[in-house]
Amino acid sequence: MRLALPKLLVAALAFGLLSACGINSVPTAQENAAARWADVEAAYQRRADLIPNLANTAERYAEQERSVLTEVTEARAKATSVQVNADDLDDPAKLQQFGEAQGQLGQSLGRLLASFEAYPDLKSNQNFLALQNELERTENRINIARRDYNQAVQDYNTTIRTFPDIIGAKVVHGAKPLVPFEADAGSEKAPEVFGKS
């Protein structure tokens, strides 16, 4: 009976040490970062989904703006073709490519909206106004999703670099730091939405 107690104590101590070494906290933090990245992608996809509706509504009013509409359509196609999955979150090049494609789309969208400032009928069209409002809300969602993702990355990177989780991160998981979202130059400003009162 006396021998069983020390074995039980050793087993409990070993379990306690292992549980404090990142066995669970590292994958939990990694999954949280992956989920926040999915939110970023969902917000960008929402914006991409709104663009055809915006373009179709605007096209009826501005045939001469076809080149801007074409630019937005091409930028949307490029932005939606750049895919980053949870396994790529530690690859700065892939995240930069994603950010650049989204930045180009945002800039094209801003030019499209700016070009329609000259069309009072379009600006008063209820469909167009509703799409502008949806786009503005979507830009806000994108900003929040990027902020939440970057916070999750910071939490994960801190977890894998601090004791005692660093032990499990290196030995068990082979964890590498994740890359925060960094927008390309000039994209720190969301596309301007005109027609707001």
Side-chain angles (χ1 to χ4, degrees), residues 27-59 68-116 123 125-159 176-197:
T28 299
Q30 186 177 29
E31 288 300 318
N32 184 43
R36 298 299 70 82
W37 179 253
D39 292 343
V40 170
E41 289 183 312
Y44 277 123
Q45 185 61 50
R46 178 178 165 77
R47 179 174 72 175
D49 291 345
L50 286 172
I51 289 172
N53 294 327
L54 184 68
N56 289 338
T57 302
E59 193 170 26
V68 178
L69 292 168
T70 301
E71 178 185 336
V72 170
T73 303
E74 289 171 358
R76 177 188 180 271
K78 182 178 179 184
T80 56
S81 71
V82 177
Q83 299 295 314
V84 176
N85 62 42
D87 295 333
D88 299 328
L89 296 180
D90 60 354
D91 185 345
K94 286 190 178 186
L95 286 177
Q96 182 179 3
Q97 182 184 18
F98 181 86
E100 287 172 358
Q102 294 299 332
Q104 288 173 354
L105 177 57
Q107 290 170 1
S108 297
L109 192 53
R111 282 192 291 281
L112 173 67
L113 293 173
S115 70
F116 295 130
K123 292 191 314 185
N125 177 280
Q126 291 303 311
N127 290 337
F128 189 72
L129 292 174
L131 287 168
Q132 278 185 314
N133 288 334
E134 281 300 310
L135 188 59
E136 182 179 10
R137 284 195 291 271
T138 299
E139 290 298 327
N140 289 334
R141 287 180 183 182
I142 289 169
N143 187 41
I144 290 167
R146 289 187 303 215
R147 184 195 65 212
D148 290 349
Y149 168 72
N150 283 345
Q151 182 62 54
V153 166
Q154 180 183 359
D155 293 346
Y156 172 79
N157 289 346
T158 300
T159 298
K176 294 189 283 185
L178 299 179
V179 180
F181 183 89
E182 295 179 9
D184 62 324
S187 66
E188 62 275 353
K189 182 180 165 195
E192 194 167 330
V193 179
F194 296 97
K196 297 180 348 185
S197 49

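All values below were derived from every heavy atom in this structure, side-chain atoms included, with hydrogens, water molecules and symmetry-related copies excluded.
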Verdict with supporting geometry, V84 and L89, side chain to side chain contact (heavy atoms under 4.5 Å, CB included)
CA-CA 7 Å; V84 176; L89 296 180; 4.2 Å; yes

Y44 and F98 aromatic ring geometry - parallel, tilted or perpendicular at 30°/60° bounds:
perpendicular

Do the side chains of R147 and I144 get nearer than 4.5 Å, heavy atoms only?
yes

Have a look at R36 and tell me which of Y149, Y156, F181 forms a side chain to side chain contact (heavy atoms under 4.5 Å, CB included) with it.
Y149

Side chains of N143 and E139, donor plus acceptor under 3.5 Å:
no

Under 3.5 Å, is there a donor on one side chain and an acceptor on the other for R47 and T138?
no

Please lay out, stage by stage, how D49 and Q45 fare under the test side-chain hydrogen bond (donor to acceptor under 3.5 Å, both in side chains).
CA-CA 6 Å; D49 291 345; Q45 185 61 50; 2.7 Å; yes

How close do [X] and [Y] get, counting heavy atoms only, and between which atoms?
| X | Y | answer |
| --- | --- | --- |
| P180 | L95 | O-CD1, 4.2 Å |
| D90 | K176 | OD2-CE, 2.9 Å |
| L178 | A33 | CD1-CB, 3.5 Å |
| N157 | P177 | OD1-CA, 3.2 Å |

If you measure from [atom1] on [X] to [atom2] on [Y], what distance do you get to the nearest 0.5 Å?
| X | Y | atom1 | atom2 | value |
| --- | --- | --- | --- | --- |
| R141 | D39 | CZ | CG | 11.0 Å |
| E182 | R146 | CD | CZ | 12.0 Å |
| T28 | D155 | OG1 | CG | 12.0 Å |

Assess whether side-chain hydrogen bond (donor to acceptor under 3.5 Å, both in side chains) is satisfied between E136 and N140, documenting all intermediate values.
CA-CA 6 Å; E136 182 179 10; N140 289 334; 5.1 Å; no

Evaluate the side-chain hydrogen bond (donor to acceptor under 3.5 Å, both in side chains) criterion for residues Q96 and E100: first the C-alpha distance (whole Å), next the side-chain angles of each, then the deciding distance (0.1 Å), finally the verdict.
CA-CA 6 Å; Q96 182 179 3; E100 287 172 358; 3.1 Å; yes

Apply side chain to side chain contact (heavy atoms under 4.5 Å, CB included) to N133 and R137, showing your working.
CA-CA 6 Å; N133 288 334; R137 284 195 291 271; 4.0 Å; yes

Which residues pass the salt bridge (charged side-chain N to carboxylate O under 4.0 Å, His left out) test with D91, not counting sequence neighbours?
none

